[in-house]
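Structure, as structure tokens:
Just so it is clear: chains get the letters A, B, ... in the order the sequence lines come, proteins before strands, and each one is counted from 1.
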Protein chains: 2
Amino acid sequence: MANDSSYKDKKVITIGIVRDLTGLSERQIRYYEERKLIFPERSPGGSRKYSFADVELLVEIANKIEDGVQTHEIRKEMLRAQKKQNQTDVTRKMIQGQLNAQFGLRKGPSSK
Amino acid sequence: MANDSSYKDKKVITIGIVRDLTGLSERQIRYYEERKLIFPERSPGGSRKYSFADVELLVEIANKIEDGVQTHEIRKEMLRAQKKQNQTDVTRKMIQGQLNAQFGLRKGPSSK
DNA sequence: CGTGTAAGGAATTCTGACACG
DNA sequence: CGTGTAAGGAATTCTGACACG
């Protein structure tokens, strides 16, 4: 019932590789983090770790900035998209709850 | 017609992350490379880069070694599996060729 | 054979700051 | 605002070798 959680979202890529993958400078990558557009994890020693999803997001961010969109605007866009997604999740769960209440599908007290 | 080529096979993970992901020591990881069981790429500076597929393979290798299988045996197993896969590919391509010759599906000179 | 470790060096990454526009 | 850069330091990685069993 959970998501794939497989490779795409695992934070395992260091900044140098991300630089090579995206063509961005390390300065740019760190700056977008400073502007709250990207959220790498950290190794115990403090090195940033990114996922493939992060890499793709970085490219999108860079494209928007090239189009003259400011980081603050990009951030607001992302928050809006985030909120919409959350709402979708809530809706989906509510509907699922309704269905379960009405028909008691799966996960009901099976044995005992 | 080509494969996914997406995330799983991209060599983007440094050895420290692989260590954390697998629980193996860097010594072990480098040794398995020395024994031709694993083939990381290198950064321009010489740092090893692994894929998620490599990470999974390393775990399998480590399990076999725990079972007392020697690296040389593991290597032979891998070569056998490799050969079998190649044969499968060849067979698939031959059959595809037969089909194309018989029925001329797709890729035939369509327009012009 | 498979792995740990200390050794020395090189590559990688980090932060805070100054610069430009 | 977004990015380049030089600066100094710390974390990361590399290789070759000795050790053990």
Side-chain angles (χ1 to χ4, degrees), chain A residues 10-79, chain B residues 10-79:
Chain A
K10 276 217 158 179
K11 309 261 186 175
V12 297
I13 314 178
T14 51
I15 196 166
I17 308 272
V18 174
R19 168 175 38 66
D20 296 343
L21 252 31
T22 61
L24 301 174
S25 68
E26 295 181 21
R27 182 68 165 96
Q28 289 174 301
I29 298 169
R30 294 199 188 97
Y31 181 67
Y32 302 156
E33 177 183 0
E34 188 183 318
R35 302 316 309 275
K36 312 277 179 152
L37 300 180
I38 192 88
F39 303 92
E41 290 182 358
R42 297 280 182 146
S43 77
S47 298
R48 271 167 266 250
K49 301 187 298 180
Y50 301 85
S51 67
F52 280 109
D54 290 333
V55 169
E56 294 178 5
L57 180 53
L58 279 168
V59 172
E60 287 179 40
I61 292 169
N63 285 337
K64 288 182 185 170
I65 287 184
E66 271 189 299
D67 293 345
V69 187
Q70 293 194 182
T71 55
H72 190 250
E73 279 309 312
I74 299 175
R75 176 155 166 70
K76 279 195 285 187
E77 282 179 41
M78 288 174 54
L79 288 176
Chain B
K10 277 217 156 178
K11 310 260 186 176
V12 298
I13 313 179
T14 51
I15 198 168
I17 309 272
V18 173
R19 168 176 37 66
D20 296 344
L21 252 31
T22 60
L24 301 175
S25 69
E26 296 181 20
R27 181 67 165 98
Q28 288 174 301
I29 298 168
R30 294 200 188 97
Y31 181 68
Y32 301 157
E33 177 182 359
E34 188 183 317
R35 302 315 309 273
K36 312 276 181 152
L37 300 180
I38 193 88
F39 303 93
E41 290 181 358
R42 296 279 182 149
S43 78
S47 297
R48 273 166 265 250
K49 300 187 298 179
Y50 302 85
S51 67
F52 280 109
D54 289 334
V55 169
E56 293 178 5
L57 180 53
L58 279 169
V59 171
E60 288 179 40
I61 292 169
N63 284 338
K64 288 181 184 172
I65 287 185
E66 271 189 298
D67 293 345
V69 187
Q70 293 193 183
T71 56
H72 191 250
E73 279 308 312
I74 298 175
R75 175 154 166 71
K76 280 195 285 187
E77 282 180 40
M78 287 175 54
L79 288 176

Of the nucleotides [options], which one has an atom closest to the side chain of [X]?
X	options	value
A/R48	C/dT12, C/dG2, C/dC14	C/dC14
A/E26	C/dT13, D/dT3, D/dA17	C/dT13
A/R42	C/dT13, C/dG2, C/dT15	C/dT15

| request: Please round to the nearest 0.5 Å and tell me the distance separating atom CG of B/L58 and atom CG of B/L24. | output: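 Answer for the CG-CG pair, B/L58 versus B/L24, is 6.0 Å.
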| request: With rounding to the nearest 0.5 Å, note down the distance linking CD1 in A/I17 to OG1 in B/T14. | output: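 Answer rounded to 0.5 Å: 7.0 Å.
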Does [X] place a side-chain N or O at less than 4.0 Å from the phosphate oxygens OP1/OP2 of [N]?
X	N	result
A/T71	D/dG2	yes
B/Y32	C/dT3	yes
A/T14	D/dT12	no
A/S47	C/dC14	no
A/S25	D/dG4	yes
A/Y31	D/dT3	no

| Taking A/K11 for the side chain and A/F39 for the main chain, is one N or O donor matched with an acceptor at less than 3.5 Å? |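 Confirmed, A/K11 side chain pairs with A/F39 backbone.
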How many Å lie between [atom1] on [X] and [atom2] on [N], as a whole number?
X	N	atom1	atom2	value
B/E33	C/dG2	CD	P	15 Å
B/Q28	C/dT5	CD	P	11 Å
B/H72	C/dG2	NE2	C1'	15 Å
A/E34	C/dA17	CD	P	12 Å
A/Q70	D/dG2	CD	C1'	10 Å
B/I29	C/dG2	CD1	P	16 Å
B/R19	D/dT13	CZ	P	6 Å
A/I15	D/dT12	CD1	C1'	15 Å

| field | Any strand: nucleotide that pairs with D/dC20 via Watson-Crick or wobble, under 3.5 Å | value |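 Pairing partner: C/dG2.
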| Who is the Watson-Crick or G-U wobble partner of D/dC14, with both distances under 3.5 Å? |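 Its partner is C/dG8.
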| query | DNA chain C: B/G45 or A/G46, which has the more 5' nearest nucleotide? | reply |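 The residue mapped nearer the 5' terminus is B/G45.
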| request: Name the nucleic acid region contacted by B/R30, choosing base, sugar-phosphate or nothing; use a 4.0 angstrom heavy-atom cut-off, strictly under. | output: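 Contact class for B/R30: base.
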Does this structure show an ion pair linking [X] with [Y], if we count only N-O contacts that are shorter than 4.0 Å?
X	Y	answer
A/R30	A/E26	yes
B/E73	B/K76	yes
B/R42	B/E33	yes

| field | Pairwise 5' ranking along DNA chain D for B/R27 and B/G16, keeping only the more 5' one | value |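 Its nucleotide being nearer the 5' end, the pick is B/G16.
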